[in-house]
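This report refers to the structure that appears directly beneath it.
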Amino acid sequence: MKEFHLPDPGEGLVEADIVRWVVSEGDEVKVNDILVEIETSKSIVELPSPWAGRIARLMVDEGATVEVGAPIVLIDDGVAAPAAPQAPTEVTDAPPAQPAEAPAAQPAEAAAATQTGSAEPAPESEAFLVGYGTKSSSLARRPRKTAGGVGKPIGPVTDQVHDSYAADQPVSRPIDQSTTTGPLSAEASGEPLPRPGKTPKPPSAAKRALAKPPVRRLARDLGLDLDAVIGTGPGGTITSDDVLTAAVLSRGTPEAQTGVTSRVPLKGVRREMARTMAESYKVPTATVIMQTDVTASMELVERLRARREFAGLRVSPLLIFAKAACLAIARNPDINSTLDMAATEIVRNEDVNLGIAAATPRGLLVPNIKQANTMNLLQLAEALHNMVQVAKSGKVSAEDMQGGTFTITNVGVFGVDGGTPILNLGESAIMCLGTIARRPWVIGKGADEQMVIRSVCTLSLTFDHRLVDGELASKFLSDVAAILADPGLAMMF
């Protein structure tokens, strides 16, 4: 029997959600057969089996959140489990008896074999899958903190899971017996605990809640009283995560509010989105907006769709917008930069890793196309087409979600004229595309002016005002608008 422990899928995460079991108890699996789909804060990952055998027990239910390193499935590989180690000999105060003659020093391996009564060599480390990292012989947890300090360290995970687990029971940590002073009792003790995320106001409300100005602004925008929020930061400081948690919980229970029918846990991608948006909200931003005639770009889209090279590809106005953004960034490179406040440096990115915000059933995902600035129109169309297909499946890889330098969000597909988006964390600007509508437009000059019906789109650019000023932002947006109005001008960029 072998226990399969939840690995770190290479993102440095500490937990993941079980989305769907691909196998059932009793199924036979081979090495690298997919066992389960998990959702991290960045992507959905399929985990393959490192062993061949039969699924003996699914140890975690679908929808559960599991820590990295916890056992999730028991696989019968046909190899008998090793015998449990004997209890250590009790240590007494009396000194051990001295042998008449000390034996010669032995190698560590031989000494270990002598203690276990066997001369067999120690087993080799087990094989591991690519991307799971190196596998140690046992996985130890950190010591658990108790009221009186650090309690006994929890032993290796392999020693904590027994056959007493049932398939319909969630995996839980064993109780640290060293911290209990007597039998557990269901009797009430002391005052009832406050609801998570909130705390009753102290008798003296004169003390002001500890929170930084951006956090206070977030709480104000959410209509939240900071005095009712538990601070988890240093010295009880209230963080943006505390505010978001309290805002979700402040809606009350279904019995206390009319019309509330259900609660959805904030986890996975949606929880990460809430966290990153709260962090991005701390950045001082500004937005520039302009309308542009995109009639010529729409005509170009129709011509591209009719060409043989683009057959089978999803050619949309977004393709022209993306290419225009890459060309405009080449003329205004600081739009594609990052501000490193710790080093007081501007980091200029040579490549444009173009992020495209995508609304999916799992929440907002922003995968990015690496080195989009080096692609011609056909290559960019292929990359966008593939990105859309992957985003629809909800299985965007962690690599595609990392390293973005500039983002485009298209709210026009929802019939919205425009907006002021929030920066993708770590980037200097994000461009928003509104709906393309047929509207009256004045063309010509002087006596040649006339009113015609044209395809018009509203563009907006939200930017980090610590790095990008209004002049640079306006020049960039004007360059994008010029290319969209007359794609032939791209030859000049």
Side-chain angles (χ1 to χ4, degrees), residues 1-11 13-40 43-87 116 118 120 122-144 152-177 265 267-268 395:
M1 292 283 187
K2 292 186 181 292
E3 289 175 351
F4 180 59
H5 298 253
L6 180 66
D8 180 356
E11 303 174 32
L13 304 173
V14 296
E15 65 182 16
D17 301 326
I18 303 298
V19 176
R20 181 176 70 93
W21 283 107
V22 180
V23 297
S24 303
E25 293 183 0
D27 288 354
E28 295 290 335
V29 295
K30 301 186 295 294
V31 174
N32 286 333
D33 280 356
I34 300 301
L35 297 175
V36 63
E37 291 180 356
I38 64 170
E39 179 181 7
T40 70
S43 60
I44 285 184
V45 181
E46 294 178 336
L47 298 183
S49 173
W51 311 294
R54 180 181 60 83
I55 302 299
R57 183 179 303 132
L58 303 181
M59 306 176 73
V60 184
D61 293 334
E62 291 182 354
T65 301
V66 185
E67 293 181 356
V68 169
I72 60 175
V73 60
L74 189 63
I75 300 177
D76 184 357
D77 62 345
V79 179
Q86 296 180 355
T116 58
S118 172
E120 296 180 1
E124 297 181 358
S125 60
E126 299 175 357
F128 57 91
L129 299 182
V130 176
Y132 283 179
T134 56
K135 179 184 177 74
S136 59
S137 58
S138 64
L139 179 63
R141 293 186 183 275
R142 291 179 294 179
R144 175 176 295 174
K152 292 191 306 181
I154 299 176
V157 175
T158 53
D159 295 336
Q160 300 297 328
V161 181
H162 306 280
D163 291 339
S164 59
Y165 281 111
D168 59 349
Q169 292 179 337
V171 176
S172 60
R173 294 185 178 180
I175 297 176
D176 189 347
Q177 300 289 349
K267 58 183 181 180
K395 297 180 180 179

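The structure displayed is predicted, hence computed values, not measured ones.
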Any non-hydrogen side-chain atom of [X] less than 4.5 Å from a side-chain atom of [Y]?
X	Y	result
Asp76	Met1	yes
Ile38	Val19	no
Val36	Leu58	no
Ile75	Leu35	yes
Asp33	Val22	no
Phe4	Ile55	no

Can you name the nearest heavy-atom pair linking [X] to [Y], along with the distance?
X	Y	result
Val31	Pro50	CG2-O, 3.9 Å
Glu28	Gly53	OE1-O, 3.2 Å
Trp21	Val73	CH2-CB, 3.9 Å
Glu3	Trp51	O-CH2, 3.3 Å
Ser49	Lys30	CB-O, 3.9 Å
Ser24	Asp27	N-OD2, 2.8 Å

If you round to the nearest 0.5 Å, how far is [atom2] of [Y] from [atom1] of [X]?
X	Y	atom1	atom2	result
Glu46	Arg20	CD	CZ	7.5 Å
Asp17	Glu62	CG	CD	12.0 Å
Thr65	Glu39	OG1	CD	9.0 Å

